[in-house]
Number of protein chains: 2
Amino acid sequence: MGVPYFTGRHTQMAGLRNTHEELTSAAIDLFLANGYEETTADEIAEAAGVARRTFFRYFRAKEDAVLPDHEGCLARVRELLERNDSGESPFATLTRASHLVLALYAQDPAKAVRRYELMRRVESLREREIMMTGRYQRVFAEYLYRVDTRIGDSDEDDDRLRHDVTAAAMVAAHNHVLRQWIRDGGGGDVHARLDAALDLVEAAMRGWQGENATDQGELLVVVARPGTPVWRLAQSIQSAAGSS
Amino acid sequence: MGVPYFTGRHTQMAGLRNTHEELTSAAIDLFLANGYEETTADEIAEAAGVARRTFFRYFRAKEDAVLPDHEGCLARVRELLERNDSGESPFATLTRASHLVLALYAQDPAKAVRRYELMRRVESLREREIMMTGRYQRVFAEYLYRVDTRIGDSDEDDDRLRHDVTAAAMVAAHNHVLRQWIRDGGGGDVHARLDAALDLVEAAMRGWQGENATDQGELLVVVARPGTPVWRLAQSIQSAAGSS
DNA sequence: TATCCTATGGCACTAAGAGTCATTTTGCGA
DNA sequence: TCGCAAAATGACTCTTAGTGCCATAGGATA
């Protein structure tokens with residue numbers, strides 16, 4: 001078998017023992033009780049009533065026994081971004097992808113809180129989590145690069161910078177919301193909070209301009225007397241916006 | 001000795017053999033020639049004419065033999081942020097910190113290019129690098145949280161979100177500039193490029209608003225006939241901005 | 001010369017992770 | 001209900017990263 005790691009395989013009927021689940025909960029229990037480094041893969045396997053080798057068939061590394069199934073989630077995110085069926089904005093699509101990731105935690109708040117407690121004190125787990133967010137960020141940035149090309153004279157490298165920064169900002173907002181939610185004990189509507197945060201990010205990034213940018217926050221006041229033709233208004237607005 | 005790893009210790013007189021340098025270059029050579037996983041710490045040590053144990057005295061992990069001295073750089077960044085002597089803006093201080101990190105690569109462009117070649121194909125090294133950027137990002141965000149508190153009615157949680165996003169955006173911009181520079185072969189003035197990129201980030205983040213923000217990019221057009229009192233103008237602008 | 005102190009070498013040990021093959025379990029069609 | 005193919009598991013072995021511990025070499029200092 002080529003890729004034996006758990007990504008939805010190992011399908012178990014209801015009622016039968018779910019090795020994956022037993023391994024993760026045994027791992028979290030032992031880690032919380034005896035410490036992370038102090039717990040060996042042997043002990044986890046034994047606690048789950050399974051052989052050591054089996055443990056490493058379900059998880060490619062010790063850390064993965066605690067962390068959520070990012071591999072599978074990343075695959076779903078990629079699929080979502082490649083489908084790209086609706087006519088929504090790139091940012092909106094990435095927002096949906098963010099919710100997909102958030103659901104990975106939100107669907108089991110109690111476990112999320114326990115995991116967080118663990119990650120708070122184990123450096124190695126924090127590192128792994130950071131790595132994963134880096135993966136998402138990269139996928140986001142690449143998606144933007146693919147679909148958010150702009151017509152006109154905009155500099156290509158500047159566009160890529162904007163894509164990288166946007167992806168980083170979105171992931172940071174996601175992580176912020178997730179962390180706050182978990183610290184609050186896992187109550188309330190996380191998804192609504194994520195939407196609010198991403199709205200702020202989108203608003204800020206909408207102000208991203210190339211080198212010939214107009215100043216943010218500038219007020220454009222057009223004074224016209226009644227009876228002025230509308231095209232005249234449009235003309236002066238345009239020229240004012242262009243010559244800042 | 002408590003912390004034996006290289007952070008400026010192992011001071012060598014000029015002319016004596018610099019074990020650290022020999023180990024890193026031996027490591028890069030062997031990794032590029034035979035692959036990363038295929039090269040053991042034993043072989044690196046032997047190539048540097050040193051014992052295996054010595055290798056792990058200089059580097060806490062195999063990956064660290066290739067990567068730049070992030071540990072020391074992080075310490076310098078922390079020191080810079082804690083000094084906080086000048087009266088510049090938080091963003092400007094973080095910009096200086098970014099330049100500090102950039103210098104870690106810019107001071108030896110040839111080695112940076114070789115390293116990049118290596119990281120391009122070794123997942124484990126990419127992971128380590130992502131981890132390190134995560135560390136910087138965290139330090140940046142914490143700095144903002146410390147010094148960029150705002151007076152008035154601004155929501156605290158919203159502030160922290162802004163700090164997280166700002167830090168992420170800055171680090172993303174830094175990494176973007178660094179990557180582009182390395183891909184271009186390591187020529188030109190990286191530091192100038194970083195300044196340009198961070199200027200764009202600052203401009204975008206300046207547009208960050210709390211929940212009662214007016215829409216970014218929205219144009220407010222006031223039409224008034226000549227002779228209208230100024231207070232009347234102000235009144236309608238205010239009411240229009242408030243009801244968006 | 002006696003003595004420190006630091007870098008190094010050498011050795012043993014733990015544990016993570018991968019390869020391999022035999023064995024069991026499970027799903028499914030006849 | 002039986003039997004078969006595929007998947008899951010168990011039981012080894014092996015390599016290598018990383019650590020702890022102690023001995024030693026060799027330069028600096030009193």
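Fair warning: this is a prediction, and the values are worked out from it, not measured in the lab.
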What is the distance from [atom1] of [X] to [atom2] of [N], rounded to the nearest Å?
X: A:Tyr58; N: D:dA7; atom1: OH; atom2: P; value: 14 Å
X: B:Phe56; N: D:dG18; atom1: CZ; atom2: P; value: 5 Å
X: A:Glu37; N: C:dA16; atom1: CD; atom2: P; value: 10 Å
X: B:Ile44; N: D:dA17; atom1: CD1; atom2: P; value: 8 Å
X: B:Arg60; N: D:dT19; atom1: CZ; atom2: P; value: 8 Å
X: B:Phe55; N: D:dG18; atom1: CZ; atom2: P; value: 8 Å
X: A:Glu43; N: C:dT14; atom1: CD; atom2: C1'; value: 12 Å
X: B:Glu22; N: C:dA7; atom1: CD; atom2: C1'; value: 14 Å

List every contact pair, protein side and nucleotides 21-26 of chain D side both N or O, where the distance is under 3.5 Å.
none

If the condition is salt bridge (Lys or Arg N to Asp or Glu O under 4.0 Å), which residues does [X] pass it with, not counting sequence neighbours?
X: B:Glu37; result: none
X: B:Arg78; result: none
X: B:Glu88; result: B:Arg96
X: B:Arg146; result: none

(request) Find which nucleotide of DNA chain C each of B:Ala51 and A:Lys62 is nearest to by heavy atoms, and output the residue with the more 5' nucleotide. (result)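 Nearer the 5' end of the strand: B:Ala51.
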Just to verify, what does [X] make a side-chain contact (heavy atoms from CB on, under 4.5 Å) with, not counting sequence neighbours?
X: A:Glu63; answer: A:Tyr36, A:Ala61, A:Ser124, A:Leu125, A:Arg128
X: A:Glu129; answer: A:Leu67, A:His70, A:Tyr105, A:Met119
X: B:Arg114; answer: B:Ile28, B:Asp29, B:Leu32
X: B:Tyr145; answer: B:Glu156, B:Arg160, B:His163

(request) Keeping to residues at least two apart or across chains, list the ring-ring contact (aromatic ring centres under 6.0 Å, His included) pairs with something in residues 106-132 of chain B. (result)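 Passing the test, one end in residues 106-132 of chain B: no pairs.
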(message) Classify B:Thr39 by what it touches in the nucleic acid, base, sugar-phosphate, or nothing, heavy-atom distance under 4.0 Å.
(response)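 The answer is sugar-phosphate, as B:Thr39 gets under 4.0 Å only of primed atoms, P, OP1 or OP2.
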(message) Please check if the number of heavy atoms outside B:Glu46 that lie under 6.0 Å from its CD is greater than 12.
(response)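 At most 12 heavy atoms, drawn from other residues, nucleotides or ligands, come within 6.0 Å of this atom.
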(message) Other residues, nucleotides and ligands only: do more than 12 of their heavy atoms fall within 6.0 Å of CZ on B:Arg126?
(response)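 It does: B:Arg126 CZ has more than 12 such atoms within range.
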(request) Specify the residues of residues 23-35 of chain A, ordered by number, for which at least one heavy atom lies under 4.0 angstrom from an atom of DNA chain D. (result)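 Per residue number, the list is empty: none.
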(message) With each end axis built from five pairs of C1' atoms, what bend angle do you get for the helix from C:dT1-D:dA30 to C:dA30-D:dT1? Round to 10°.
(response)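 Computed angle between terminal axes is 10°.
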(message) Which nucleotide wins on minimum distance to the side chain of A:Arg52, given the candidates D:dG18, C:dG9, C:dA16?
(response)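 Minimum distance to the A:Arg52 side chain belongs to C:dA16.
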(message) On the nucleotide D:dT9, are OP1 or OP2 found under 4.0 Å from the side-chain N or O atoms that A:Thr19 carries?
(response)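 Yes, such a contact exists.
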(message) Please confirm whether the shortest side-chain N or O distance from A:Thr54 to OP1 or OP2 of D:dG10 is below 4.0 Å.
(response)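 For D:dG10, OP1/OP2 do have a side-chain N/O of A:Thr54 under 4.0 Å.
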(message) With a 6.0 Å cut-off on the ring centroids, do B:Phe140 and B:Tyr136 count as close?
(response)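 No, ring centres 6.0 Å or more apart.
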